[in-house]
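Some notes on the structure that comes next.
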Amino acid sequence: MGWRLEIDGHRCMASGMCAGMAPEYFALGDDDRARPLADSVGPDETVLDAADSCPAMAITVFDGEREIGPRG
């Protein structure tokens, strides 16, 4: 089972931090909001780093039902 990525479109301010840090996992969409490139990803510290670095705290990472990012 992989990690599930969610981005809160209301919180996202399109800083591009996630896409810059982890372009294999995130991109800025046509609406200038970030989006995950896949529904599920393999465990990767880069994903957690991107969630931790999001200035709007708009990225949430789940391992199954457990929230693992951002790390507080």
Side-chain angles (χ1 to χ4, degrees):
M1 176 182 256
W3 290 355
R4 183 170 44 92
L5 307 177
E6 288 185 5
I7 297 178
D8 183 335
H10 296 290
R11 296 182 84 179
C12 179
M13 53 193 254
S15 73
M17 185 75 88
C18 59
M21 290 183 73
E24 61 274 19
Y25 298 111
F26 301 98
L28 291 181
D30 293 336
D31 62 352
D32 288 332
R33 298 289 185 244
R35 63 180 177 81
L37 294 176
D39 293 333
S40 141
V41 301
D44 187 331
E45 191 76 16
T46 307
V47 172
L48 292 173
D49 291 341
D52 293 343
S53 298
C54 176
M57 301 302 286
I59 302 169
T60 307
V61 183
F62 294 92
D63 185 359
E65 295 300 315
R66 187 171 63 99
E67 184 178 317
I68 60 171
R71 298 168 286 195

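Here, residue 1 is the first one in the sequence, and each next residue gets the next number. Computed from a predicted model, the values in this text were never measured in an experiment. Side chains are part of it too, since the values below use all heavy atoms of this structure and drop only hydrogens, waters and symmetry mates.
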Query raised in the report: Which heavy atom of Cys18 sits nearest a heavy atom of Ala34, and at what distance?
Result: SG-CB, 3.6 Å
Report summary line: When every non-hydrogen atom of Gly42 is compared with those of Trp3, the smallest separation belongs to O-CE3, 4.5 Å
Query raised in the report: Are Leu48 and Met17 in one and the same hydrophobic cluster, where Ile, Leu, Val, Met, Phe, Trp and Tyr link if side-chain heavy atoms are under 4.5 Å apart?
Result: no
**Report entry** Residue pair Pro70 / Ile59, side-chain heavy-atom distance below 4.5 Å
**Finding:** no
Query raised in the report: Would you say Asp31 has more than 12 foreign heavy atoms packed within less than 6.0 Å of its CG?
Result: yes
Query raised in the report: Same cluster or not: are Leu28 and Val41 linked, directly or through other Ile, Leu, Val, Met, Phe, Trp or Tyr residues, by side-chain heavy atoms under 4.5 angstrom apart?
Result: no
Query - Contact summary for Arg11 and Met57, nearest pair of heavy atoms - result: NH1-O, 3.3 Å
Query raised in the report: Which atoms form the tightest heavy-atom contact between Arg33 and Gly9, and what is the distance?
Result: NE-O, 3.4 Å
Query raised in the report: Could you state the interatomic distance from OG1 (Thr46) to OH (Tyr25), rounded to the nearest 0.5 Å?
Result: 6.0 Å
Requested in this report: Please round to the nearest 0.5 Å and tell me the distance separating atom CE of Met21 and atom CG of Asp52.
Outcome: 8.0 Å
Query raised in the report: Just how far is it from atom CG of Leu5 to atom CZ of Phe26, taken to the nearest 0.5 Å?
Result: 4.5 Å
Requested in this report: Please round to the nearest 0.5 Å and tell me the distance separating atom CG of Asp39 and atom CD of Glu6.
Outcome: 10.5 Å
Report task. Evaluate the criterion side chain to side chain contact (heavy atoms under 4.5 Å, CB included) for residue pair Arg71 and Asp49; output intermediate values, then yes/no. Result -> CA-CA 9 Å; Arg71 298 168 286 195; Asp49 291 341; 2.8 Å; yes
